[in-house]
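Chain letters run A, B, ... following the sequence lines, proteins first and then strands; every chain starts at 1. Here the structure is a predicted model, which means the values were calculated and not measured.
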Number of protein chains: 2
Amino acid sequence: MPKVGMEPIRRQQLITATVAAIDEVGLADATVMRIARHAGVSAGIISHYFGGKDGLLEATMRQILSDLGEAVAARRAALSTDAPRAHLEAIIDGNFDRSQVTGPVAKTWLAFWASSMHKPELARLQNVNDRRLYANLCHQFRRLMPREQARDAARALAAMIDGLWLRGALTPEGQDTDRARRLAREYLEQLLVAHDLAAPQTAPLSLES
Amino acid sequence: MPKVGMEPIRRQQLITATVAAIDEVGLADATVMRIARHAGVSAGIISHYFGGKDGLLEATMRQILSDLGEAVAARRAALSTDAPRAHLEAIIDGNFDRSQVTGPVAKTWLAFWASSMHKPELARLQNVNDRRLYANLCHQFRRLMPREQARDAARALAAMIDGLWLRGALTPEGQDTDRARRLAREYLEQLLVAHDLAAPQTAPLSLES
DNA sequence: TTTTATTGATTGAACGTTCAATAAAAAAAT
DNA sequence: ATTTTTTTATTGAACGTTCAATCAATAAAA
């Protein structure tokens with residue numbers, strides 16, 4: 001049923017179908033035919049709109065990363081306060097959106113993560129995203145503590161977020177998003193408390209670690 | 001040059017070659033021919049010793065997991081004390097051995113991790129390992145705090161370990177093992193301090209989170 | 001009638017597996 | 001010691017399958 005202006009519709013259909021196919025059988029068995037069948041179109045159309053399978057995979061990863069970035073940005077924009085703690089919590093919550101919205105996205109994300117180690121273009125996209133998370137966290141921590149401490153806090157919280165999310169994606173029972181978010185928030189709490197204890201003049205004990 | 005008793009030698013060669021091939025081009029492009037070339041043998045021998053490519057991949061994952069388990073067990077066995085804290089530190093150190101010894105192993109591990117989502121046999125192996133880490137951590141924390149707190153601490157520390165390790169594997173500059181281990185140890189410190197502050201009678205402040 | 005969108009059979013390359021042939025070592029026979 | 005036989009390990013060409021990409025044919029809309 002050829003109509004004009006199909007391009008954006010087909011592109012979205014195919015990206016959605018790619019995520020569905022990867023969720024179903026994994027990246028290795030997500031053939032162009034299977035993806036096309038999911039979208040209800042023929043295999044040839046993929047090369048027509050994305051130049052080939054690689055183009056479609058890249059576009060899919062790009063959209064997942066973009067969705068994640070927007071989820072974080074939206075929550076931060078909705079904040080009425082400027083407090084570092086509120087922004088850090090918004091970043092945490094935004095990062096757990098990606099799996100909350102759709103389970104299949106988590107599998108796709110991990111598949112791309114592994115694949116990015118040997119595909120330069122995917123590695124580039126993944127790196128940009130990694131740096132953004134780290135930079136956002138670091139910037140907020142920097143308002144509360146000296147640079148080196150802030151860097152370590154950002155590295156550790158980023159690792160905690162990724163680790164919780166990764167374990168959730170692999171768990172047979174599926175992601176327990178609420179618990180993951182709670183644990184991440186509790187860790188943030190610990191980071192802030194640990195700093196409050198160490199730095200201010202009202203320190204109740206001298207705790208050298 | 002056929003000699004008797006080649007089996008264990010060839011099996012080890014092929015497993016090592018598999019890790020090398022995955023490190024080089026990724027799991028998707030690690031063909032039997034490439035693996036065989038790495039080991040200096042012909043492609044056919046893989047089916048002979050492992051029944052097929054899948055058998056070789058499974059054996060490779062099994063060895064990586066087994067090496068990790070032994071690294072942890074060895075460090076714990078070497079402890080002179082029975083203190084929970086010492087065991088927890090040994091578990092952390094043991095888990096960072098896997099990437100310390102060989103960088104390629106990290107890539108292989110992650111590749112299997114992603115692949116295990118759709119290959120039941122790999123999923124089984126990965127699950128056994130996950131549970132072991134969690135159970136080990138949980139058992140030690142249980143000696144210091146109530147059950148629910150211990151479970152959360154174990155979940156969080158496991159996530160932190162995996163997250164640090166994952167980020168290290170993906171970083172272009174390669175894993176900074178020392179820093180990762182330091183961050184994990186500092187987190188453990190925070191977990192223990194947070195509990196010491198909340199529980200004992202000498203609590204300096206009432207910190208309800 | 002022209003343009004745009006889509007199909008699906010075809011093509012060529014690449015893959016894992018198989019198996020008859022081979023070669024080296026070990027064992028047996030001379 | 002030398003030769004023959006048996007066993008074991010290994011090869012690599014052939015086979016069948018699967019895949020992504022191509023493109024002439026087609027069909028709906030403009």
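- Of all nucleotides present, only D:dT2 satisfies the Watson-Crick or G-U wobble test against C:dA29, with each distance under 3.5 Å.
- A donor-acceptor contact shorter than 3.5 Å is absent between the side chain of B:Ser115 and the backbone of B:Ala111.
- Residue contacts for B:Gly55: at a heavy-atom cut-off of 4.0 Å it reaches no nucleic acid atom on any strand shown.
- The CG-C1' distance, from A:Asp29 to D:dA20, rounds to 15 Å in whole Å.
- Of the candidates D:dT10, D:dC19, C:dT17, the closest approach to any side-chain atom of B:Ala43 belongs to C:dT17.
- Rounded to whole Å, atom P of D:dA21 lies 10 Å from atom CG of A:Leu57.
- Within the 4.0 angstrom heavy-atom criterion, base atoms lie near A:Gly44.
- The side chain of A:Arg10 places an N or O atom within less than 4.0 Å of a non-bridging phosphate oxygen (OP1 or OP2) of C:dT6.
- Residue-level contact check: B:Gly51 touches neither bases nor backbone, having no heavy atom under 4.0 Å from any strand.
- In this structure, D:dA28 and C:dT3 make a Watson-Crick or G-U wobble pair, each of the two defining distances being under 3.5 angstrom.
- Ring geometry for B:Trp113 against B:Trp165 counts as tilted: the plane angle lies between 30° and 60°, on a 0 to 90° scale.
- Mapping A:Met33 and A:His48 onto DNA chain C via the closest heavy atom, the residue that lands nearer the 5' end is A:His48.
- Following rounding to the nearest Å, B:Glu58 (CD) and C:dG16 (C1') show an atom-to-atom distance of 17 Å.
- Rounded to a whole Å, the CD1 atom of B:Ile45 is 8 Å from the C1' atom of D:dT11.
- Classification of A:Asp93 and A:Arg185 as a salt-bridged pair holds, one side-chain N sitting under 4.0 Å from a carboxylate O.
- Near DNA chain C, meaning a heavy atom under 4.0 Å from it, residues 17-28 of chain A has no residue at all.
- Checked against D:dT11, C:dT7, C:dT17, the side chain of B:Ser42 finds its nearest nucleotide in D:dT11.
- For the OP1/OP2 pair of D:dA9 and a distance below 4.0 Å, the side-chain nitrogens and oxygens of B:Tyr49 include no atom meeting the criterion.
- Atom-to-atom distance recorded for A:Leu157:CG and A:Cys138:SG is 11.0 Å, nearest 0.5 angstrom.
- Nearest nucleotide to the side chain of A:Ser47, out of D:dA20, D:dT22, C:dC15: D:dT22.
- In this structure, CD1 of B:Ile35 is placed 8 Å from P of C:dG16, rounded to the nearest angstrom.
- Atom NZ of A:Lys53 is separated from atom P of D:dA20 by 4 Å (rounded to the nearest Å).
- Straight-line distance from the CZ atom of A:Phe50 to the C1' atom of C:dA5: 15 Å, rounded to whole Å.
- A 4.5 Å side-chain heavy-atom check between B:Asp82 and B:His87 finds at least one atom pair inside the cut-off.
- The side-chain heavy atoms of B:Gln126 and B:Asn129, taken from C-beta on, include no pair separated by under 4.5 Å.
- Distance CD1 (A:Ile46) to P (D:dT22): 13 Å, rounded to an integer number of Å.
- The existence of a salt bridge linking A:Asp29 and A:Arg34 is excluded, since no basic side-chain nitrogen approaches an acidic carboxylate oxygen closer than 4.0 Å.
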Show me the donor-acceptor pairs, under 3.5 Å and distance only, between side chains in residues 12-28 of chain A and residues at least two apart or in other chains.
residue : atom : partner : partner atom : Å
A:Gln12 : OE1  : A:Gln63 : NE2          : 3.2
A:Gln12 : NE2  : A:Thr16 : OG1          : 3.3
A:Gln12 : NE2  : A:Gln63 : OE1          : 3.0
A:Gln13 : OE1  : A:Arg10 : NH1          : 2.6
A:Thr16 : OG1  : A:Gln12 : O            : 3.0
A:Thr18 : OG1  : A:Leu14 : O            : 2.7
A:Glu24 : OE1  : A:His38 : NE2          : 2.7

